[in-house]
Amino acid sequence: MSQILEGLNNEQLEAVTLPHSSALILAGAGSGKTRVLTTRIAWLIQSGQVSPLSVLAVTFTNKAAREMLTRISAMLPINTRGMWVGTFHGLCNRLLRAHHREAGLPQTFQILDSADQLSMIKRVMKGLGVNDEKYPPRQAQYFINSNKEEGLRATAVETVDDFSRHFLDVYAAYESQCNREGVVDFAELLLRCSELLQKNEILRSHYQTRFRHILVDEFQDTNRLQYMWLKLLAGADTTVMAVGDDDQSIYAFRGARTGNMLDFESDFGVEKVIKLEQNYRSHGNILDAANALIRNNRTRLGKNLWTSEGKGELLRVYEAATDVEEASYILDEVRALKNEGVSLSDMALLYRSNAQSRVLEHGLFNAGIAYRVYGGLRFFERQEIKHALAYLRLIANPQDDGALLRVINFPTRGIGNRTLEQIQAAAEGSGISLWQAACSSPPTGRAGAAIAAFIRLIESMRNATEGLPLQEQVEHVIEASGLIDHYRKEREGADRVENLEELVNAAASFVSEEGLANYQADTANAVTGDADAADVPELDPLSAFLAHASLEAGDNQAAAGADALQLMTVHSAKGLEFHTVFISGLEEGLFPHENSLNEDGGLEEERRLMYVAMTRARRRLYLSQAQTRMLHGQTRYNVASRFLDEVPQELLKRLNVSVRPVAQGGNSTAPSPAPRIRSRPVTVGGFRIGQQVLHSKFGSGVIVQADGSGKDARVQVNFRNDGLKWLALEYAKLSPA
DNA sequence: CCTCATTGAGTTTTT
DNA sequence: CTCAATGAGG
C-alpha cells in the first residue's frame with residue numbers, strides 16, 4: 001500500500017493521509033496538486049476506508065476529470081466506471097437525469113451551450129418587444145447567468161433601477177421558455193440540481209450519506225452556486241478536501257469567488273490549512289520573479305514557492321519597436337532553441353488576448369515554423385455540426401424551438417422570414433411550440449406546402465432512425481436532411497462534409513467507449529439498490545449523445561499531430577507547463593488590459609494572470625514588448641507593462657538596448673522607432689506621437705494620437721496609471737519626459 | 001428568398 | 001484589421 005505514497009514530500013503526504021476531517025490545501029503552481037488529489041483517492045480506497053462509490057471528485061474541465069480517472073486507474077486495479085468523478089456540470093447532469101421527475105424535467109432534456117442560450121435570449125427579447133440596442137442581448141445573458149450563479153431565480157431578484165428591470169423581465173420570460181421547451185443552460189444544471197437537493201430531503205440525505213469523501217479541484221475558481229451545491233452534498237459525516245490556489249484565480253470576471261476559500265474554512269470547520277509550496281517545475285529565478293510580482297497583490301492568503309533546483313537562467317526581456325519585430329524576434333529564438341534540441345511542442349507563445357495571435361501566426365507561417373493555436377472553434381461548435389445536431393434534437397424533442405429555427409430553412413427550402421413570423425405569432429398566441437404551431441395551423445399556399453414538407457421530413461427521419469444504433473441514426477440524418485449534399489455543392493464545403501462524417505465516428509466511439517455509460521443510469525445506485533434511480537429507465541443513446549455534445553464541446557483543433565509550437569492565451573495556459581515560455585505584448589493597456597483597470601480588483605486579477613503565465617515555464621522565460629502595435633486597424637503606442645517593473649531587475653537580462661522615442665521636441669533628427677501614421681498629424685505644438693510625456697496630475701504616459709492645431713491642438717495620452725486621456729495642449733501642463 | 005455591401009464593435013472562457 | 005449582424009437590390 002505504501003507504494004502509491006512513495007516519493008511524496010511531507011506536506012503532500014500529510015494532505016494525502018489526512019484523517020477524517022475537512023481540509024483546505026493551498027497548492028501553489030507546480031506543487032503536485034493533481035497528484036495529491038488522485039493519490040488521496042487511491043489511498044482512501046486502497047486502505048479500505050471507503051468504497052470507490054463513496055467518493056465524489058469534482059473538477060472544472062473534462063480534461064482534468066479524465067486525467068484524474070486515468071491516474072487513479074494507474075494506481076489501483078479497479079474499474080473507475082461508475083465513480084463520481086467529473087465536472088460540476090457533468091455530475092449535475094447525471095444527477096438530474098436520474099431524478100428528472102423530481103427536478104421537474106423531461107428525462108431527455110437538452111442542454112443549451114452559450115451560443116444556443118444567446119439565440120434563445122434574442123428570441124425571447126423579440127417576443128417581449130425589448131429594444132436590443134438599449135438592452136444588448138449579451139448583457140441580458142450576463143444578467144441571467146450571474147443571477148443564476150448567485151442562486152437567484154427571476155422571482156428572487158431585486159431590481160433597483162429601471163434598466164435592470166428590463167433584464168429581469170427577459171430573465172423571467174427566458175425561464176418559462178426554457179421550461180416550455182424542455183431545455184436547460186449550463187448554470188441551470190447547477191441551480192436546478194441545488195434546488196432539488198434543497199427541497200427533497202430524502203434525496204439529499206441519500207447522497208449525503210453516500211458520499212463520504214468529496215474532493216474539489218481548482219477550488220479558487222468556484223462560484224457561489226457551486227459552493228452552495230457542495231454544501232448541500234456534504235453531510236455531517238462527509239469529509240471535503242478543497243484544493244486550490246488563490247494566486248491562480250483568474251476567473252473572477254465570470255463569477256469565481258476566492259472568498260469561498262475563507263468561507264470554506266469556517267463552514268466546514270477546517271482546522272488546518274496545508275500549504276504545498278515546493279515547486280517541482282521551474283528553476284529558481286523564474287519562481288523568485290513570480291513570487292516578487294505576486295507580492296504586489298494585497299488580497300492574498302499568502303504563500304511562497306520554492307525549489308530545490310538551481311537558480312537557472314535569468315529571465316530574458318526584449319523590447320521591440322513594433323509588433324512585427326517582436327514576432328520576428330520570437331521566431332528567431334524559437335528556431336535557435338529548436339536547433340539546441342528543445343522540441344517545438346515544449347515551447348509556448350502566450351498572449352493576453354486572442355487578437356494578438358494574428359501577427360505572431362503570420363510571422364510563424366512565413367518562417368515555416370509549425371505551430372498550433374488553441375482556443376479556436378471546437379468540434380461541436382462548428383456550424384455544420386450544430387446543424388446536424390439540431391436535426392437530431394428535433395427528432396428527440398420537437399418542442400425545441402431553437403433547433404427548429406436553426407434548420408427549418410437550412411438547407412434552404414423556401415421558408416422565409418414572413419412564413420416564420422406567421423408561425424411564431426401562432427405559437428405565441430396559444431403558448432405552444434413552433435413545431436406544434438406549424439402542425440396545427442400551417443400557413444396557406446406555397447409556404448404551407450414547404451412547411452408540410454419540412455414536418456414530413458423530420459417525421460420520416462424519426463421513423464427511419466427509430467431503434468437504429470446511434471451512429472446509423474446520425475448517418476441517416478446527415479444524408480436525409482440534405483446537409484451533406486448542400487455542403488458538397490458549396491465551394492469550400494469539403495471540410496464541412498468531412499466534419500459531418502467525423503460526427504458519425506464521434507457517435508460510434510461515444511457508444512463503444514465509456515462515454516455513453518457516463519451519461520446513462522447511475523450503475524452505482526443500482527448496485528446499492530437505490531429505488532429512486534433504479535426505477536428510471538436508461539436514457540436513450542441519442543439524448544445522451546446530445547448532452548455529451550453540449551457538455552464536452554471537443555478539442556479546439558484537429559489532432560495534436562506533429563511537433564508544433566504552442567500558441568494560446570494566458571488563460572488557456574493554466575495547468576500546463578513548457579520548457580520555454582514567451583509572454584508577448586507586455587504593454588500597459590494590453591497586459592494589464594485597459595478594461596480591467598476600471599474593474600474592482602481588476603488589476604490584481606491581471607497580476608495573477610501574469611503570475612500564472614510566468615509559472616508555466618520550467619527553464620526559460622521570455623518577456624517581450626512592442627512599442628508600437630497594430631490593434632483594430634490602428635497603430636497604438638504603448639508603454640512597457642508595469643509588471644516588468646514589479647520583477648526584481650537583477651533577475652532580468654535585457655536583450656537589446658532600449659530604443660526609446662526621443663523626447664527633445666518635434667525636430668529631433670534621431671530615427672524614430674515608430675512608423676509614420678497615415679493621414680494624421682504626427683507633430684502638434686512641439687509634441688510628437690509616440691513621445692513620452694509627463695503630466696502634473698496623471699504622471700507619465702505616451703502620446704498616442706493628436707489632432708487640431710494652434711489653440712485647438714489636442715493630444716491623446718496613454719497614461720501609465722490612468723489610461724487614455726485627451727488633453728488640450730493650451731491648458732494641460734505637459735512636459736517631455 | 002438570396003446575395004452583396006455597408007456598418008459597427010472589438011478582454012479573458014469552461015461548461 | 002476582421003468578424004458578425006443588418007439592409008438594399010436582384
Side-chain angles (χ1 to χ4, degrees), chain A residues 58-65 86-93 111-119 122 132-133 136-138 142 145 148-149 184-191 193 217-218 221-223 225-226 249-256 323 350-359 362 374-378 380-381 383 409-420 446-447 450 547-556 568-575 585 589-599 602 605-606 608-610 612-613 629-636:
Chain A
V58 59
T59 63
F60 275 86
T61 66
N62 293 296
K63 198 174 148 203
T87 63
F88 280 99
H89 297 87
L91 295 176
C92 285
N93 176 58
I111 302 165
L112 303 181
D113 67 16
S114 318
D116 297 334
Q117 182 188 35
L118 185 61
S119 75
K122 286 180 184 164
D132 61 359
E133 298 256 291
R138 289 212 154 272
Y142 177 80
N145 288 338
K148 283 192 181 188
E149 280 161 9
V184 302
D185 58 48
F186 289 133
E188 183 71 22
L189 285 168
L190 270 133
L191 183 53
C193 195
D217 191 18
E218 305 278 15
D221 287 338
T222 51
N223 61 35
L225 180 54
Q226 286 157 340
S249 160
I250 55 175
Y251 288 112
F253 74 92
R254 64 173 198 221
D323 49 353
L350 308 184
Y351 34 82
R352 173 65 179 82
S353 67
N354 283 309
Q356 287 167 251
S357 76
R358 207 160 289 281
V359 194
H362 184 76
Y374 286 78
L377 253 199
R378 294 145 85 225
F380 286 110
E381 289 167 358
Q383 183 205 94
N409 198 34
F410 193 96
T412 51
R413 44 176 75 87
I415 301 171
N417 266 333
R418 286 293 292 273
T419 316
L420 227 44
R446 200 202 305 249
H548 164 78
S550 299
L551 288 177
E552 200 161 341
D555 274 334
N556 20 35
M568 65 190 86
T569 63
V570 180
H571 280 93
S572 29
K574 189 162 92 154
L590 208 65
F591 198 2
H593 198 281
E594 55 202 354
N595 295 0
S596 73
L597 300 178
N598 310 319
E599 283 162 27
E605 177 142 316
E606 294 288 306
R608 290 192 294 270
L609 204 44
M610 180 67 184
V612 167
R629 179 178 296 281
M630 255 320 224
L631 201 66
H632 306 324
Q634 272 199 325
T635 309
R636 292 184 26 154

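Naming convention: chains lettered A, B, ... in sequence-line order (proteins, then strands); numbering from 1 in each chain.
The two residues A:V570 and A:A613 have their closest heavy-atom pair at CG1-CB, 3.6 Å. The nearest pair of heavy atoms linking A:S249 to A:D221 is CA-OD1, 4.1 Å.
For A:H571, counting side-chain heavy atoms from C-beta on, the closest listed nucleotide (B:dT15, C:dC3, B:dT13) is B:dT13. Listed nucleotides B:dC2, B:dT11, B:dT12 differ in distance to A:N409; the shortest reach to its side chain belongs to B:dC2.
Atom CD of A:E605 and atom C1' of B:dT13 are 12 Å apart (whole Å). In this entry the distance linking CE of A:M630 with P of C:dT2 reads 9 Å, nearest Å. Rounded to a whole Å, the CG atom of A:N93 is 11 Å from the C1' atom of B:dT15. For A:M568 and B:dT14, the CE to C1' distance is 16 Å, given to the nearest whole Å. Between the C1' atom of B:dT11 and the CZ atom of A:R138 lies a distance of 12 Å, rounded to the nearest Å. Atom CG of A:L118 is separated from atom P of C:dA4 by 13 Å (rounded to the nearest Å). Between A:F60 atom CZ and B:dT15 atom P there is a gap of 11 Å when expressed in whole angstrom units. Protein atom CG of A:D217 is 13 Å distant from nucleotide atom P of B:dT15, rounded to whole Å.
In terms of phosphate contacts, A:S114 brings no side-chain nitrogen or oxygen within less than 4.0 Å of OP1 or OP2 of B:dT15. Proximity of A:K122 to the phosphate of C:dA5: a side-chain N or O atom is located under 4.0 Å from OP1 or OP2. Contact check, A:N62 against B:dT15: a side-chain N or O comes under 4.0 Å of OP1 or OP2. In terms of phosphate contacts, A:R378 brings a side-chain nitrogen or oxygen within less than 4.0 Å of OP1 or OP2 of B:dT15.
Among the atoms of the strands shown, none is found under 4.0 Å from any heavy atom of A:E218. Contact annotation for A:S550: no contact, since no heavy-atom pair falls under 4.0 Å across all strands. Across all strands, A:E606 comes closer than 4.0 Å to base atoms (heavy-atom distances). Heavy atoms of A:K574 sit nowhere under 4.0 angstrom from any nucleic acid atom. Counting any heavy atom pair closer than 4.0 Å across all strands shown, A:Y251 reaches sugar-phosphate atoms only and no base atom. A:N354 comes within 4.0 angstrom of the backbone, heavy atoms only, and of no base. Within 4.0 Å (heavy atoms only), A:D113 reaches no atom of the nucleic acid at all. At the heavy-atom level, A:F253 lies under 4.0 Å from base atoms of the strands shown.
Judged by distance alone with a 3.5 Å cut-off, no donor-acceptor contact links the side chain of A:R352 to the base of B:dT11.
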Stepwise side-chain hydrogen bond (donor to acceptor under 3.5 Å, both in side chains) check, A:S353 with A:Q356: CA-CA 6 Å; A:S353 67; A:Q356 287 167 251; 3.3 Å; yes

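As rounded to the nearest Å, C:dA5 and B:dT12 have C1' atoms that lie 23 Å from one another. Between C:dT6 and B:dT11, the distance separating the two C1' atoms is 25 Å to the nearest Å.
For B:dT11, the O4'-C1' to base torsion is within 90° of 0; the nucleotide is therefore syn.
Heavy-atom nearest nucleotides on DNA chain B were determined for A:H632 and for A:S572, and the one closer to the 5' end corresponds to A:H632. If A:I415 and A:H593 are placed on DNA chain B by their nearest nucleotide, the residue sitting closer to the 5' end is A:I415.
For A:F88, the ring pair (Phe, Tyr, Trp, His ring centres under 6.0 Å) partners are A:F60, A:W229, not counting sequence neighbours. Looking at residues two or more places apart in sequence or on another chain, you find a ring pair (Phe, Tyr, Trp, His ring centres under 6.0 Å) between A:H571 and A:Y251, A:F253.
A donor-acceptor pair under 3.5 Å is formed between the side chain of A:S550 and the backbone N or O of A:I111. Looking only at distances, no side-chain donor or acceptor of A:T412 sits under 3.5 Å from a matching main-chain atom of A:N409.
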